[in-house]
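Working notes, structure below.
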Amino acid sequence: MSSNCWSNGKPEIGIIGAGMSGLCAAVQLQKKLAITSFTIFEKNADVGGIWLNNTYPDWSANYAPQPEILDYVKHVAEKHKIYEHIKFHHEVKALTWNEDLKKWIVRYANAFIEKNDDEIQMFDIVVMAVGTFRIPCIPNELKTFSGPTMHTAEWNYEINLKNKKVAVIGSGASAVQVIPKIVNEVHTLHCYHRKPPYVIPRLQFTIPKFLKLFFFYIPFLMWLYRCLVFMLYELFQPAYYCGSFMNKLVYKVTKAYRQRELKKHEHLLNDLTPTYAFGCKRVTLTEGYYAAMTSPNVHLHSSHIDKIVDRTIYTKNGMKEEIDVLILATGFKVLEYWGPMQIFGKNSHNVLQSWIDKEPRSYYGIAFSSAPNLFALLGPNTVVGHNSVMFMVECQVNFMIKAVRKMMKRNAEVINLKVAAEDDFMDKLKANLKDTVWNREVCDSWFTNSRGVVTTLWGGNCTKYWRQTRTIDWSKFEIK
């Protein structure tokens, strides 16, 4: 299947990002459409995305460790010969839609070339696979620390923590994972947080060798196991709706777990009890966080940080602590979306700036009326808090494959979402999010923008997303 509207009969496709999403798109383009005319831009030195960058201490176990996941990602890239399509150390700076050429002009910086001028390349179709957790968020007031500092996303193994006074700022998923791993290494650990997380005990175990053999020789069993895990997590999704039975049940479970783990530490129990509704901020799964917080060398600070002078941290309640090493578990700039990259769509519309000024508008987070021939993976309102985002990515890649196939069949240069279809979808999305805890309560999470609009999360379970994206209503698109 080919089209004569493109120079070589098939579209030239640019993929931004070589993490799991980008590799998934590349593999499916080859397998389902026999398209090899794609280029992947990756600013890092290898594939993996978040699993390459986030190496802080943390499928041999139920929850695989980072090195094992990264090895798997590299294996996929090698198996499907994706490496030959990747431009490493190439960071995309801007995408500009050229209406006359019906192409995207990609401007990028090549780290291998010392000159300052950016390079450009043109593509018929662009797939955004840059991920959500890319750019570490480092508040300016924390940059004044004069000692060794590292963000959890940029872990520096050359910094020695042994017998040092260490501070961890943050209480999200990164902090919950890091603290139990370093607590026995450091001399003193000062934990600064504003809002304690809801913690669910993680069912972690090593997969027995005999079970691995069964999975290898009887693939259906592995598929069945994955389906079981998927459905169990799907049942958890109603917990994010205010007043639901599941919301009340999980609240009681987390409360009982917290009280059991901290029953001998009344002062910690108070400080580690969330005062916001369950699910409003990201829920964390861990088996060692509360135990680590009860260690005698751990000191919890719930008062806000006032200032940092040299190596001393001052809090609003008048306390001060001199620190040797500062670890920032302060999250990512999620609400800058794909910035600092810029995207100029139809009529030179600054897509990302309009998202920041108002809110993102899309069709299932995949297609956009302002950006023809562009498909997003893990775009706006497609992250889930209860299940695997890779399932969402697979749904989005399948959508993209069907759209490109449609263009090839119709000999079309352009596919563009209609504004009316985008408006209709956004209205339905907001209605679905209306009764969720993220929409009902303000808890300062990365799920919502500064106006309190939920911009990152999907308003339902993964099964619903799969069902609604597995077929495409072509009347909602202009294809020409």
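Computed from a predicted structure; not experimentally measured.
Using modelled atom types, no side-chain atom of S21 and backbone atom of L377 make a donor-acceptor pair closer than 3.5 Å. Between the side chain of T284 and the main chain of Y198, a donor-acceptor pair closer than 3.5 Å is present. When atom types are taken as modelled, the side chain of N350 and the backbone of Q342 share no donor-acceptor pair closer than 3.5 angstrom. In this structure, N156 contributes its side chain and E158 its backbone to a donor-acceptor pair below 3.5 Å.
Using modelled atom types and a 3.5 Å distance limit, the side chains of Y241 and N439 yield no donor-acceptor pair. Between the side chains of T312 and D310, not a single donor N or O lies within less than 3.5 Å of an accepting N or O. In the model, Y364 has no side-chain atom that pairs as donor or acceptor with a side-chain atom of Q396 under 3.5 Å.
E261 has its side chain out of reach of V199: every pair of non-hydrogen atoms, C-beta onward, lies at least 4.5 Å apart.
With sequence neighbours excluded, the residues satisfying side chain to side chain contact (heavy atoms under 4.5 Å, CB included) with K316 are S303, H304, D306.
Here the CG atom belonging to L457 is positioned 5.0 Å from the CH2 atom belonging to W438, to the nearest 0.5 angstrom. Here the straight-line distance linking atom CD of Q259 with atom OG1 of T254 works out to 9.5 Å at 0.5 Å rounding. The line from CG of L328 to NZ of K143 is 10.0 Å long, rounded to the nearest 0.5 Å.
Separation of the Y251 and F278 ring centroids does not fall under the 6.0 Å cut-off. Taking the six-membered ring for Trp and the full ring otherwise, the centers of W355 and F368 sit less than 6.0 Å from each other. With ring centers used as reference points, F391 lies 6.0 Å or more from Y465. Between F133 and W446, the ring centre distance stays below 6.0 Å. Two rings, from H386 and F236, have their centers 6.0 Å or more apart.
Residue-environment remark: NZ (K165) stays at or below the threshold of 12 foreign heavy atoms within 6.0 Å. The local environment of CE in M319 is sparse, with at most 12 non-hydrogen atoms from other residues, nucleotides or ligands closer than 6.0 Å. Counting non-hydrogen atoms of other residues, nucleotides and ligands closer than 6.0 Å to CD of E322 gives a total of 12 or fewer.
Identified under the disulfide bond (SG atoms under 2.5 Å apart) test for residues 173-208, with sequence neighbours left out: none. Applying the disulfide bond (SG atoms under 2.5 Å apart) rule to pairs touching residues 227-319 yields C280-C443, sequence neighbours excluded.
Contact record, V250 with A239: CG2-CB, 4.0 Å, taken as the closest heavy-atom pair.
Salt bridge present: R361 and E359 bring a charged side-chain N and a carboxylate O closer than 4.0 Å.
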